[in-house]
*Asks:* 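Have a look at the structure that comes next, please.
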Amino acid sequence: MHVEWRRDGLSPPADASGMYDNELVRSIRDEITSSGPVTFARFMERALYDPSGGYYATSTTRPTRSGDFLTAPELHPIFGRTIAAQIDEMWRRLGSPSDFTIREYGAGSGALFLAIVDGLTRLGSPLAASVSYEPVDLPAQIGHIEMSLGEAGLAGRIRPAVVQPSVGVVVANEFLDALPVHRVIKLNNNLREIYVDWRDNQFTEVAGALTDARLASWFGDRDIELAEGQRAEANLAMLDWVATVAGAIERGYVLVIDYGASGPELYGPTRMTGTIRAFAGQRVSSDVLGDPGTRDITSHVNFDAFEDQARACGFDLAGRRRSNEFLITCGLDDTYAQARAESDHDWDAAIGLRSAIQRLVDPNALGGYLVSVLARDAPVAPPLRGFTPLNPSR
């Protein structure tokens, strides 16, 4: 679709690292040369998911200790084992259906499902013997998951990722933050969209007209006013994802865990450059245009926008809270005590467990993530276990 844009040049990031010449870079460059600047959402989509060299399309080990970042499921099985207690309660609240599915978006290695089944087994939950798994990810990643579950004797649990109405739980752990986002900037008291252009043998930013009416309503509907020169992100793909999930769940819950905040916090004066960042080799950078395909690109999730869209799509909100509190009320202490007893005679395992717990409860690390749970034709009262009050003695 042709859009009108204007070449308002924007300063490149201060730590721009130059350009890595590969097939993906040349392909994006050719698209821009042929059709004009692309939205940042388009650039991010290609940088992450393009079959010819997108970041997630070229490796199955990104979210691991040997990769560029480490998610909670890859950190230690204790995360999934603790989540299992909440999923068991959800299953029981739905009437303990015999056909119950965990559909995981951005499934990665499948480590979370393996840990959940392990946790259900440890709880003595009948669900451990019957729960099905629908991993949603890139084809190469699905193949990796099939191998992992096969080695664990769970190959029969996998269902094709054909999104159709089901009863169960949809899980999205650190998935929404990697959806392609549109970027905007306030210039001369007008909201402009940030495009990616090709100049002087590198990708650079230019400002132009908004490509989607939802970009203006993203801020206007929530009375958010950006400051002059302030940049921000709008995750329209997240809105589309919620609508897709709404049509794919007959009864059940949606469990989202990610880093983010409410709108006022995300777009306040302390975030003049937005939250978009690139990750590689466990390091973070503000240069999101250099070396596309070699680094992860993410932005913080606007949980207000997420939950507004969920309500508009017919979901009830079961709750939102910090992930450390959610895990604690789901029984993290008991799960830790069991794991610690098992690792008493294994020094390396004990150190790994202790390190994992510290990161899971630290509000400046994984413990500071947010958990939001949606419900469709499923009970939200009394509060789910993860949203019950913390023990006052803690």
Side-chain angles (χ1 to χ4, degrees), residues 56 60-64 71-175 241 244-245 247-257 330-331 335 338-339 342 373-378 384-386:
Y56 286 108
T60 60
T61 62
R62 299 302 193 187
T64 64
T71 63
E74 301 288 346
L75 177 66
H76 196 281
I78 195 170
F79 176 77
R81 292 175 191 168
T82 306
I83 294 295
Q86 181 61 89
I87 289 180
D88 177 67
E89 183 192 32
M90 291 171 170
W91 174 65
R92 295 177 187 277
R93 286 198 179 196
L94 290 167
S96 304
S98 58
D99 189 2
F100 187 88
T101 300
I102 294 176
R103 176 181 295 141
E104 183 183 7
Y105 285 83
S109 69
L112 179 55
F113 178 73
L114 289 171
I116 288 172
V117 172
D118 183 26
L120 291 171
T121 301
R122 291 165 181 265
L123 289 170
S125 170
L127 181 59
S130 62
V131 61
S132 298
Y133 184 44
E134 291 184 9
V136 182
D137 214 310
L138 298 175
Q141 202 71 50
I142 297 298
H144 182 62
I145 292 170
E146 290 172 345
M147 290 181 57
S148 296
L149 266 65
E151 293 171 356
L154 296 173
R157 302 295 184 88
I158 299 181
R159 291 181 174 178
V162 178
V163 180
Q164 56 187 9
S166 62
V167 176
V169 177
V170 171
V171 178
N173 178 67
E174 292 193 56
F175 171 75
W241 179 80
T244 297
V245 170
I249 185 167
E250 180 182 335
R251 287 193 306 128
Y253 299 90
V254 179
L255 173 63
V256 168
I257 306 170
C330 281
T335 310
Q338 183 182 46
E342 295 173 354
V373 175
L374 313 177
R376 176 177 287 275
D377 194 20
L384 290 169
R385 178 172 181 169

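What you are looking at is a predicted structure, and each value in this text was computed from that prediction instead of being measured. Note that these values count all heavy atoms, side chains included, but never hydrogens, waters or copies made by symmetry.
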*Asks:* If you look at every heavy atom in Ser166 and Arg103, which pair is closest and at what distance?
*Replies:*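 Nearest pair, atom of Ser166 first, then Arg103: OG-NH2, 3.6 Å.
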*Asks:* Could you tell me if the side chain of Val167 sits less than 4.5 Å from the side chain of Asp99, heavy atoms only?
*Replies:* no
*Asks:* Could you check if a side-chain atom of Val131 sits within less than 4.5 angstrom of a side-chain atom of Ile87, using non-hydrogen atoms only?
*Replies:* no
*Asks:* Using modelled atom types and a 3.5 Å cut-off, is there a donor and acceptor pairing between side-chain atoms of Arg93 and backbone atoms of Ala378?
*Replies:* no
*Asks:* Could you report the tightest heavy-atom contact between Ala155 and Gly150, atom names first, then the distance?
*Replies:* CB-CA, 3.9 Å
*Asks:* What's the spacing between Ile78 CD1 and Gln338 CD if we round to 0.5 Å?
*Replies:* 9.0 Å
*Asks:* Quick one: CG on Leu112 to CG on Leu255, what's the gap to the nearest 0.5 Å?
*Replies:* 8.5 Å
*Asks:* With sequence neighbours excluded, what pairs up with Ser148 under the side-chain hydrogen bond (donor to acceptor under 3.5 Å, both in side chains) test?
*Replies:* none
*Asks:* What distance separates Arg81 CZ from Thr121 OG1, expressed to the nearest 0.5 Å?
*Replies:* 10.5 Å
*Asks:* Over all heavy atoms of both residues, which pair between Ala111 and Pro73 is shortest? Give the atoms and the distance, please.
*Replies:* CB-O, 4.0 Å
*Asks:* Start with the C-alpha distance between Leu94 and Tyr253, add both sets of side-chain angles, then the distance that settles side chain to side chain contact (heavy atoms under 4.5 Å, CB included), and finish with yes or no.
*Replies:* CA-CA 10 Å; Leu94 290 167; Tyr253 299 90; 4.1 Å; yes
*Asks:* Mind listing the closest non-hydrogen atom pair of Pro97 and Trp91 along with its distance?
*Replies:*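 Shortest heavy-atom contact: O-NE1, 2.9 Å.
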*Asks:* Is it the case that the side chain of Arg157 and the backbone of Leu149 share a donor-acceptor pair, with hydrogens and angles ignored and the cut-off at 3.5 Å?
*Replies:* no
*Asks:* Nearest 0.5 angstrom please: His76 NE2 to Thr82 OG1, how far?
*Replies:* 10.0 Å
*Asks:* Can you name the nearest heavy-atom pair linking Ala85 to Cys330, along with the distance?
*Replies:* CB-O, 3.4 Å
*Asks:* Using side-chain hydrogen bond (donor to acceptor under 3.5 Å, both in side chains) as the criterion, list what pairs up with Glu250, not counting sequence neighbours.
*Replies:*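 Glu250 satisfies side-chain hydrogen bond (donor to acceptor under 3.5 Å, both in side chains) with no other residue.
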*Asks:* Donor-acceptor check, side chain of Asp137 to backbone of Gly108, threshold 3.5 angstrom: yes or no?
*Replies:*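 Between the backbone of Gly108 and the side chain of Asp137 there is a qualifying donor-acceptor contact (under 3.5 Å).
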*Asks:* Glu342: which residues meet the side-chain hydrogen bond (donor to acceptor under 3.5 Å, both in side chains) condition with it, sequence neighbours left out?
*Replies:*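 Per chain and number, Glu342 pairs via side-chain hydrogen bond (donor to acceptor under 3.5 Å, both in side chains) with Arg122.
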*Asks:* Closest approach of Ile145 and Pro135, non-hydrogen atoms and distance?
*Replies:*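 For Ile145 versus Pro135, the nearest heavy atoms are CD1-CB, 3.8 Å.
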*Asks:* Anything under 30° is parallel, anything over 60° is perpendicular, the rest tilted; go ahead and classify Trp241 against Tyr105.
*Replies:* perpendicular
*Asks:* Can you tell me how far OH of Tyr133 sits from CZ of Phe113, rounded to the nearest 0.5 angstrom?
*Replies:* 7.0 Å
*Asks:* Measuring from Gln86:CD to Ile116:CD1, what's the distance to the nearest 0.5 Å?
*Replies:*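 Between Gln86 CD and Ile116 CD1, I get 11.0 Å after rounding to 0.5 Å.
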*Asks:* Could you tell me whether the side chain of Arg92 reaches within less than 4.5 Å of the side chain of Pro126, counting heavy atoms only?
*Replies:* yes
*Asks:* Indicate yes or no: at least one non-hydrogen side-chain atom of Phe175 is less than 4.5 angstrom from one of Val256.
*Replies:*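 Side-chain contact under 4.5 Å: no.
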